[in-house]
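Below is one structure, written out as structure tokens, with a few remarks after it.
All ligand and atom numbering here is 1-based and tracks the order in the structure.
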Amino acid sequence: MPASQPNAIKSRSSAADGYDVVVVGAGFAGMYLLHRLRGLGLSVRVYEQGNGVGGTWYWNRYPGARCDVESMQYSYSFSDELQQEWDWSERYAPQPEILRYANHVADRFNLRSDIQFDTRVDRAVFDEGSNTWSVTTSDGKTVTAQFVVLATGCLSNARMPDFKGLADFKGNVYHTGHWPHEPVDFTGKRVAVIGTGSSAIQSIPLIAEQASQLFVFQRTANFSVPARNARLTAEERQAFRDNYPEIRRKAREEMRNGIFQELPEKGALDESEEQRRARYGARWAKGGLTFTATYNNIAIDKAANDTAADFVREKIAEIVKDPAVARLLQPDNHPIGSKRICVDTDYYATYNRPNVKLIDVKANPIEQILPHGLRAGGEDYEFDDLVLATGFDAMTGSVAKIDIEGRAGETLNHKWSAGPRTYLGLMSEGFPNLFIITGPGSPSVLSNMIVSIEQHVDWITDCIGYMRDRDFDCMEATKAAEDKWVAHVNEVAYTTLMPQANSWYMGANIPGKPRIFMPYIGGVGVYRQICNDVAAKDYEGFAMTAAPRQRVAVSS
Ligand code: FAD
Ligand code: NAP
């Protein structure tokens, strides 16, 4: 449930002279934030560069796109009416249905009137005299706001690789994260997919069914487990609905990743080979992301991790008929789970189709895109259409695109040039009254993100309510608190196997990006408690100011 709602607070601003809060982005984070801030009586403007709500689910319309956290859990919990009334059709809802849900939420809570679509936020500058932000948008206008909240998404900045010759390609080029709104038909076409992350792994089986020939260019093999997707029965839905309060509570407080699931009591090496195989087999048969939670030490103990990785490698060898192709598909350079594990429907079996060819571009790197294909390892491949499933400049990419200037003209991009620095993933010192939702330094992408989004939105709303109640008009993370938190986030990351992979969690997919493990791996329950404690101690580690330049409460 949302945290307690402070008494309605009088808005200090009106649209004429600015807003209390500007929110950037109308995905699940921006939408819920708008709803909560309105509850405080504040004036809010949401800017969204797309022309609809839904964020991720508005942009990622590629074939096979669907959630990989089960829909009964990958959904808002803030309104019991909403969770009781919405009928998810499948265990993992497809993208069009999740987008319909986002639109339903926008209508049900009457959100659209405060969202300005087709408008990008380009710049935000903090004025130390008035403790307000000036926000400049792509329509050339500038508005002021006391607070700015970046609900810009962690996986919202699609990464276009800089392949030589890409601009000269004569066929259609699609990025999974920027898929057209019109249906794309590959029937009878020769298609190339570059990338084998979650987006590729979802789309490849469906593209293979349409295309006359599919080339998959793989740089790093990924671990994928079967989704076992199926239609949800009325009884299954009802079982969740009847138990939602407890399921949601456990997901928030007791699960590291915000997904209610059976928790392992044992480590992988505590059981015999035979017992392990039975357990992995059962999880494999059940399907889904929780495969890596079969044992409690898979993320931290390499020997334990190897048992899970070996099991998946064996499954790949069982499914894929050509042993050379199976070998190429078997991940061998990172622990399982250290890159985001994928969830698929018939991914590995797709390589048994005669029209699908896997090309190893680690051994034979892509040299250039040609007008009718590409060259890799000295060999030319001809195709009609190119699908870039090359991922995102994750966690910081969309923030970095906004020119953000804080105290004394310091820019956020300059401050974060050696890697993002935040206190609790919520604020960065030197940038007062600027919040980030699911920012680096919070559990964010390591969790069921709706759980993390709701937690941040509730915390930020309560915090703004607290400030308004006490007439504080400026809030900022202290340097000491931020330094301590950054060190803690790093320390915890290095107690796990996660930093061992060249993952987007580490920024490793973007040439030149600093290698920092960006999310906080302490778990959503622990993190929530830390945030609640900070708030209970009058926002310890944040400095609050009652009037311009008059600091009245400083704690660290
Ligand atoms: P987003 O949904 O990314 O929304 C951010 C919005 O901000 C976007 O609409 C963007 O256009 C807008 N924006 C950004 N910058 C600007 C700007 N400067 N000006 C104006 N607007 C701007 N998570 C899970 O937990 N479970 C899943 O199963 C899952 N599946 C996923 C599948 C895919 C294909 C992808 C890409 C991600 C998936 N995720 C999943 C992560 C997903 O991003 C989150 O679950 C969630 O949707 C994020 O919501 P958000 O509102 O924080 O960000
Ligand atoms: P991704 O996991 O980053 O995968 C990108 C792929 O492109 C990788 O295989 C990468 O190879 C490859 N690649 C990038 N640049 C390349 C280049 N220059 N040459 C060759 N290959 C290149 O991106 P994603 O698949 O879009 O997924 C991102 C995240 O979004 C996921 O991890 C997940 O959190 C979320 N998501 C979830 C779902 C879901 O199932 N619900 C679906 C899609 C996305 P390397 O590994 O070698 O870098």
Side-chain angles (χ1 to χ4, degrees), residues 23-33 46-50 52-62 64-71 73-74 92-93 95 98 102 116-124 137-138 150-163 175-177 179 193-203 217-222 224 227 257-259 289 333-334 339-344 361-362 365-366 376 388-392 394 397-399 401-402 437-438 444-453 456 501-505 508-511:
V23 177
V24 192
F28 283 132
M31 290 166 69
Y32 178 44
L33 184 64
V46 181
Y47 293 107
E48 167 54 57
Q49 61 193 354
V53 296
T56 287
W57 306 103
Y58 171 89
W59 296 106
N60 291 263
R61 298 170 187 238
Y62 60 83
R66 57 177 74 241
C67 51
D68 61 3
V69 171
E70 296 182 18
S71 299
Q73 302 206 53
Y74 186 71
Y92 305 99
Q95 170 272 330
I98 305 175
Q116 186 172 323
F117 294 106
D118 295 312
T119 310
R120 198 181 55 241
V121 169
D122 288 330
R123 185 168 158 75
T137 47
S138 52
L150 302 176
T152 42
C154 293
L155 295 160
S156 51
N157 187 0
R159 157 97 183 130
M160 290 297 280
D162 39 17
F163 293 123
H175 192 293
T176 50
W179 203 262
V193 174
I194 300 179
T196 48
S198 298
S199 303
I201 281 176
Q202 285 187 326
S203 57
F217 294 91
Q218 170 185 278
R219 189 165 65 184
T220 309
N222 253 313
S224 188
N257 62 5
I259 303 172
L289 270 185
N333 71 350
H334 61 280
K339 286 178 98 122
R340 174 66 146 66
I341 195 167
C342 306
V343 176
D344 73 273
V361 293
K362 179 161 275 165
I366 296 171
L388 298 171
T390 44
F392 301 86
S398 286
V399 174
K401 272 178 130 173
I402 307 172
I437 298 190
T438 64
S444 179
V445 290
L446 297 176
S447 68
N448 172 354
M449 286 201 74
I450 300 191
V451 169
S452 290
I453 285 169
H456 268 186
N502 288 324
S503 65
W504 57 257
Y505 299 130
N509 63 328
I510 305 296

Check the pair T119, T137 against side chain to side chain donor-acceptor pair (under 3.5 Å), reporting the backbone distance first and the verdict last. CA-CA 6 Å; T119 310; T137 47; over 6 Å; no

For [X], the ligand 2 atoms whose distance to one of its heavy atoms is below 4.0 Å:
{"X": "K339", "answer": "45 (P), 46 (O)"}
{"X": "T196", "answer": "6 (C), 8 (C), 9 (O)"}
{"X": "F163", "answer": "17 (C), 18 (N), 19 (N)"}
{"X": "G195", "answer": "6 (C), 7 (O), 9 (O), 12 (C)"}
{"X": "Y62", "answer": "42 (C), 43 (C)"}
{"X": "I194", "answer": "20 (C), 21 (N)"}

Within the distance-only criterion (no hydrogens, no angle test), does the side chain of [X] pair as donor or acceptor with the backbone N or O of [Y] below 3.5 angstrom?
{"X": "T438", "Y": "S444", "value": "no"}
{"X": "K339", "Y": "N502", "value": "yes"}
{"X": "Q95", "Y": "A65", "value": "no"}
{"X": "N509", "Y": "G391", "value": "no"}

Heavy atom under 4.0 Å from ligand 2: found in [X]'s side chain, backbone, both, or neither?
{"X": "R66", "result": "backbone"}
{"X": "Y505", "result": "neither"}
{"X": "A389", "result": "backbone"}
{"X": "T390", "result": "both"}
{"X": "R159", "result": "neither"}
{"X": "F392", "result": "side chain"}
{"X": "C67", "result": "backbone"}

Side chain to side chain, [X] and [Y], heavy atoms closer than 4.5 Å:
{"X": "R340", "Y": "Y505", "answer": "yes"}
{"X": "C67", "Y": "I98", "answer": "yes"}
{"X": "F28", "Y": "I437", "answer": "no"}
{"X": "I259", "Y": "L289", "answer": "yes"}
{"X": "K362", "Y": "N333", "answer": "yes"}
{"X": "W504", "Y": "I510", "answer": "no"}
{"X": "H334", "Y": "S503", "answer": "no"}
{"X": "N60", "Y": "L155", "answer": "no"}

Distance from [atom] to nearest protein heavy atom, with residue and atom:
{"atom": "atom 31 (C) of ligand 2", "result": "S198 OG, 3.6 Å"}
{"atom": "atom 40 (O) of ligand 2", "result": "Q202 NE2, 3.0 Å"}
{"atom": "atom 4 (O) of ligand 2", "result": "G197 CA, 3.5 Å"}
{"atom": "atom 47 (O) of ligand 2", "result": "T220 OG1, 2.4 Å"}
{"atom": "atom 23 (O) of ligand 2", "result": "G391 CA, 3.1 Å"}
{"atom": "atom 24 (P) of ligand 2", "result": "S199 OG, 3.4 Å"}
{"atom": "atom 28 (C) of ligand 2", "result": "W504 NE1, 3.8 Å"}

Just distances here: any N/O of N222 and N/O of ligand 2 closer than 3.5 Å?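 No, no N or O pair falls under 3.5 Å.
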
Enter the distance from I366:CD1 to F163:CZ here, rounded to the nearest 0.5 Å.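 Atom-to-atom, I366:CD1 and F163:CZ are 4.0 Å apart.
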
In Å and rounded to the nearest 0.5 Å, what is the CD1 to CG distance from I402 to D122? 8.5 Å

Extract all N/O-N/O pairs under 3.5 Å that connect ligand 1 to the protein, and present each with both atom names and the distance rounded to 0.1 Å.
| residue | atom | partner | partner atom | Å |
| --- | --- | --- | --- | --- |
| ligand 1 | 2 (O) | T56 | N | 2.8 |
| ligand 1 | 2 (O) | T56 | OG1 | 3.3 |
| ligand 1 | 9 (O) | E48 | OE1 | 2.7 |
| ligand 1 | 9 (O) | E48 | OE2 | 3.0 |
| ligand 1 | 9 (O) | W59 | NE1 | 3.4 |
| ligand 1 | 11 (O) | E48 | OE2 | 2.7 |
| ligand 1 | 11 (O) | Q49 | NE2 | 3.0 |
| ligand 1 | 11 (O) | W59 | NE1 | 3.1 |
| ligand 1 | 18 (N) | V121 | O | 3.0 |
| ligand 1 | 19 (N) | V121 | N | 2.8 |
| ligand 1 | 21 (N) | Q49 | N | 3.1 |
| ligand 1 | 25 (O) | M449 | N | 2.8 |
| ligand 1 | 28 (O) | D68 | N | 2.6 |
| ligand 1 | 28 (O) | D68 | OD1 | 2.9 |
| ligand 1 | 28 (O) | V69 | N | 3.3 |
| ligand 1 | 43 (O) | T56 | OG1 | 2.7 |
| ligand 1 | 45 (O) | Y74 | OH | 2.5 |
| ligand 1 | 47 (O) | Y74 | OH | 3.1 |
| ligand 1 | 51 (O) | F28 | N | 3.1 |
| ligand 1 | 51 (O) | A29 | N | 2.9 |

Any L155 heavy atom less than 4.0 Å to ligand 2: yes

Relative to atom 13 (N) of ligand 2, which among H175, R219, Q95, R340 owns the nearest non-hydrogen atom?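 Comparing heavy atoms across H175, R219, Q95, R340, the nearest one to atom 13 (N) of ligand 2 lies in R219.
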
Once ring pair (Phe, Tyr, Trp, His ring centres under 6.0 Å) is applied, do any residues pair with W59, and if so which ones, sequence neighbours excluded? H178

With a 3.5 Å cut-off and no angle check, do the side chains of S447 and S452 form a donor-acceptor pair? yes

